[in-house]
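So that the names make sense, note that chain A is the first sequence line, chain B the second, and so on, each numbered from 1.
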Amino acid sequence: MEGLRLNLNALKPAAPKTDAVQATVKRKAKAKTAEPIEESWRKIFAMKLSDADRKRLTEVKAAMDAGNLARDPADCVNKAGNPKAFSKAEALRLWKTLQEAQREETLRQMVENTPDNYWLITTEARLDEFLALLDNEEEIVFDVETTGADTWEDRIVGNVISAVKANIHAYIPTKHVTDAPQLPHDYVMEKLKPIYEDASVKKIAHNGKFDIHMLSHEGVTLRGLAWDTQFAMHILNENERVTGGSYRLKDLVTKYLGIPSQTYDELFGKAGFHEVADLNVALAYAAKDGDVTLKLRNFQCEHLRKIGLLEYYEQVENPTIGVSVEMEAAGFVLDIEKAKTLGAELKAELVDIEEGLRSHFGEINFNSPAQLSEKFFDELKLDRYLPNGFKKSTDVKTLKLLAPHHEGIKLLLSYREKTKLLGTYIEALPQQVKADGRIHGNFNQTGTVTGRFSSNNPNLQNQPYFARKLFVAPPGQVILSGDFSQQEPRFLSHFTGEEVLVNAYREGRDLYSTAASELFGLPIEECGDGSKYRKMMKTGILAVMYGTGPKTLADQLGITEQEAKDFIAQFYEKYPKVKAWIDGNEQFAKRYGYVQMLHGRKRRLPEAKSRDRFTQFRAMRQATNAIIQGSAAIQTKLTMIELQKLCRRKGWTMAFSVHDEVAVYAPETLTREDVADFEAVMLNTLRLDVPNKTDIEISRRWGEGFTVDEWFKTKGDD
DNA sequence: ATTGAGAGCCAC
DNA sequence: AAACGTGGCTCTCAAT
C-alpha cells in the first residue's frame, strides 16, 4: 500500500514554475539533498528509450519498489561528498546486478528441483542401462551441447537424449572442464552413433540443423529427423518475430507451454557449456531442453493437425531441413586471389574518385547521408533541380536527378557503387571463410513470413554478379543450376486461370508480348523484346502481383499518373479473372485475417481487419503477394527435396538456392543425360495449370555460366 | 568497445 | 500523408 501511494504521488505533475526558479531548485537539489528517487524515475521514463532498456528499467523499478534491490551506497554520493541523483546509467548497472542474482538463484532452484527422470550419465553401467531403454524407442529427442554457437568452429561437449516412451531425459557430458567424472568423448559418440544413424528411430529436435552439423563434424550422419520444433512453430505462427517474439526454444515454451524458461545467455552468458563445471547444473539445464522440446512437439502436432497443416509440415518443411543441412555443409570455395585483385583495382579507382569528390565538395565524409545532405541542399541548394515536393534525400534515385546539373554527383554515384561492392562483398567475403577453407552461408527456413528462405553470414541470396565470380565450385566439380523462368507470373496465371495468360504459357509464347499485343490491340511484331509495350506489360503484371500503386507505376514507366491509372483499369477490364482473384484474396483476408497458399500454408494478416485504412491497405497488398511468393517458395522447396534424391542417386551435392533458382554440385564429367535428369526434376516436381520452364546453366564459377549447348560444345572441342 | 536506429543498397 | 512484396549487410551517428 505504501509503495502504491508513493507511485501515485510520483505520477502527479509538479506545480508549474518559471525556468529561473526551476534552475535554482535544480542547483539546490544537486548541492544539498538528492532528488527523490521517484522524481528520477519519472525523468528516466520520460526519456526516449529503446524497448530493451524500457523493459530492463521496468524490472529494476519493480525490484526496487518491492525492496529486493537497492542503490549501491557508493553511487549515492559524488566525489565531493554531495548526494547524487539516480540516473538511467545507474539503473541499468543495477539491472546487471539483478540479472546476476536472479541467474544464480534460478540455477540453484533448477538443480534443487531437478526431476527424477533427468539422468546424468557418467558411468558405463548407467549408459548401458539408458541404451537398453533406447532399444525400445521409436522416437527420441536429441540435442548437443557445445563450446559455442559457431556451427563451423565449435565442438560437442555433451549429448542430450530423451527416451520418449520411457520418459527419461538424459545428459551425457563428455568434455566439461571439471573434476567430476565423465565418460570419454569418443566412447560415448561410438555408442550413440548407431542410434543417431538409424533412420527408423525418429528424431525430434529444436533447430536440429545446428546439431546435425555438429554431429557431422564427429563423423556421425544423423538420419530420421521427423520433427523440428523451431520450423513447426514457424508454420503455426510466421509472425512470431514481427510481433516481438523469437523462435528460441526457451521463448516458445515460456509463451506457449507456460513453462518458465530462461535462455542460455541469461543463465550462462558468453561461456561455453564445457565451462559449466557443476554437472548437476549442466544436467538441470540440458535435460530440460529435451523435456520441453518433446512437450512443445506434442503441442505443435495437435495444433497443426487442428488447422490442417500437419501434412504440409511433414511433406514440405520437414524434408527441406535435410536439404538446408546439405547446402550449408557444402558451401563454396572462395577465390581469394581474385578477391584481392578485384579489391586492389576497386581501391585504386576509389583513390581517384575520392580526390575528385574532395575537389567538388571539400573534406566531408562521402559515406554520411547527413553530411552530404547538408552540402547538397543547405550549401549548394541543389534541390532547385528537383521536382516540386521531391524529398531532399541522398539516395540514388535523387542523385540521378541531380547528376546532369553537377559533375560531383556523377562521381558520387560511381563512388557509391564501388564502395558498396568493395565493403559489402569483395572485402567482406574472405573474412567469412571458415577453418575448412570454405564459405558456409546460413539458409534460414524461418527467416521470412512468406516461406521463402532467408540467408546470412554471408547472405548468399543478394550477391551481385560482380561478386558471384568469387564463388567457385569445389575442385573437379561444376555448378549445375536451374532457374524457374517467370516463376511468379506463372503462379499468377495458374491461380487466376485467365485464358490469355494461361494460353500464352501453354503455347510457349512470350507472356508479356502476347498480353501487350492483346491489351493495346497491336500486332505482335510491335510488342516484341525491347518494345515499350512489352516493357509496360511486364512492369504492369509485376505491379499487379506486388500491389504497386499508380504513382509508383508511373515513375517506373515514365508515364503520367493518369496514364498509369488508365493502364491498370484497362488491364483489369481485359483480364477480369485477375481482378476477381485479387478481390477474392482481399475479401478472404478481411474476413478471416489470413490467406492461404499452395498446400494450405497460411499467411496470417491480422492487419487485414484493421480499421486504419493505410494499415489495412498494406495487408491487402501483402495478401495477393504472399499467395504468389509463398506458393512459388513451396514449389522451390519441393523441387529441392526431389533434387536431393537425384543427388543421392548420382553422387552429387545440393549447393544453394536463391528463391527461384536451385543449384547442385556435379562432377565436371557430367553428361547431357545428367542434365536432362536434373531438368526433368525442375519441370515436373510441382506442375501447375501452366507448364514450368527452366533455364539451365553449367559453370565452374558462379555467375559465369554456360548454357547446356555451350558447355558440351566446348567440351567437344577440348 | 558495444548497441541500436536509420539510411542506403544488394538480391529475387 | 501514406500508394512495391520478401529479405540481409554496411556505414554513420549517438548513446552508454
Side-chain angles (χ1 to χ4, degrees), chain A residues 47-53 56 87-93 95-96 238 241-242 364-373 389 391 393-399 412-413 416-429 431-432 441-444 446-468 483-484 486-488 539-540 542-556 561 564-565 568 603 605 612-630 632-633 636 657-661 703:
Chain A
M47 293 160 86
K48 197 182 160 198
L49 299 168
S50 68
D51 287 352
D53 277 354
R56 288 169 186 179
S87 70
K88 178 186 162 194
E90 188 184 343
L92 287 174
R93 280 198 302 277
W95 182 80
K96 285 198 172 151
E238 73 282 2
R241 283 201 193 92
V242 186
I364 60 168
N365 184 342
F366 308 116
N367 290 322
S368 166
Q371 292 179 35
L372 288 175
S373 183
K391 195 163 173 269
S393 159
T394 59
D395 63 11
V396 168
K397 202 175 102 206
T398 312
L399 294 184
L412 181 63
L413 282 165
R416 279 266 173 84
E417 194 187 325
K418 291 186 196 317
T419 48
K420 172 79 179 176
L421 230 36
L422 187 67
T424 309
Y425 301 101
I426 308 300
E427 284 189 328
L429 288 170
Q431 295 172 21
Q432 296 274 3
N442 178 38
F443 289 97
N444 187 350
T446 64
T448 71
V449 289
T450 55
R452 274 186 176 182
F453 276 100
S454 69
S455 168
N456 65 356
N457 299 320
N459 183 352
L460 294 170
Q461 300 191 139
N462 76 341
Q463 296 296 327
Y465 279 91
F466 187 79
R468 290 184 185 192
D483 180 322
F484 284 110
Q486 297 178 7
Q487 189 185 29
E488 293 191 0
T539 311
L542 293 173
V544 165
M545 293 191 302
Y546 292 157
T548 308
K551 193 169 156 38
T552 310
L553 184 60
D555 284 348
Q556 285 174 357
E561 203 173 323
K565 274 186 188 157
I568 294 171
R603 172 75 182 102
L605 296 165
D612 177 76
R613 281 171 69 188
F614 179 68
T615 303
Q616 189 185 47
F617 186 61
R618 192 171 52 204
M620 294 301 97
R621 283 199 308 267
Q622 289 169 320
T624 287
N625 180 258
I627 296 173
I628 293 178
Q629 191 184 110
T636 301
S657 165
V658 187
H659 310 307
D660 64 350
E661 179 185 3

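Closest approach to the Phe614(A) side chain among dG8(B), dA2(C), dC12(B) is made by dA2(C) (side chain taken as heavy atoms from C-beta onward). Nearest to the side-chain atoms of Thr448(A) among the listed nucleotides dT6(C), dG5(C), dC9(B) stands dT6(C).
Across all strands shown, Phe453(A) has no heavy atoms under 4.0 Å from either base or sugar-phosphate atoms.
On a pure distance criterion of 3.5 Å, no polar donor-acceptor pair joins the side chain of Asn367(A) and the base of dC11(C). Judged by distance alone with a 3.5 Å cut-off, a donor-acceptor contact links the side chain of Arg452(A) to the base of dC12(B). Lys420(A) contributes no side-chain N or O that forms a donor-acceptor pair with the base of dC10(B) under 3.5 Å.
Each end of the helix from dA1(B)-dT16(C) to dC12(B)-dG5(C) gets its own axis from five base pairs, and the two axes differ in direction by 10°, given to 10 degrees.
Contact annotation: Tyr465(A) reaches the phosphate of dC12(B) (side-chain N/O to OP1 or OP2, under 4.0 Å). For the OP1/OP2 pair of dG5(C) and a distance below 4.0 Å, the side-chain nitrogens and oxygens of Thr548(A) include no atom meeting the criterion. Residue Thr424(A) has no polar side-chain atom (N or O) positioned under 4.0 Å from OP1 or OP2 of dT10(C). For the OP1/OP2 pair of dC11(C) and a distance below 4.0 Å, the side-chain nitrogens and oxygens of Thr419(A) include no atom meeting the criterion. Note on Arg621(A): a side-chain N or O is less than 4.0 Å away from OP1 or OP2 of dG5(C).
In this structure, Gln461(A) and Ser455(A) approach most closely via the heavy-atom pair CG-CB, 3.7 Å.
Every side-chain hydrogen bond (donor to acceptor under 3.5 Å, both in side chains) that Thr398(A) has, sequence neighbours left out, goes to Asp395(A).
If you take CD of Gln622(A) and C1' of dA2(C), they are 14 Å apart, rounded to a whole angstrom. In this structure, Gln487(A) atom CD and dG5(C) atom C1' are separated by 14 Å, rounded to whole Å.
With contacts defined as side-chain heavy-atom distances shorter than 4.5 Å, the pair Arg603(A)/Asn625(A) does not qualify.
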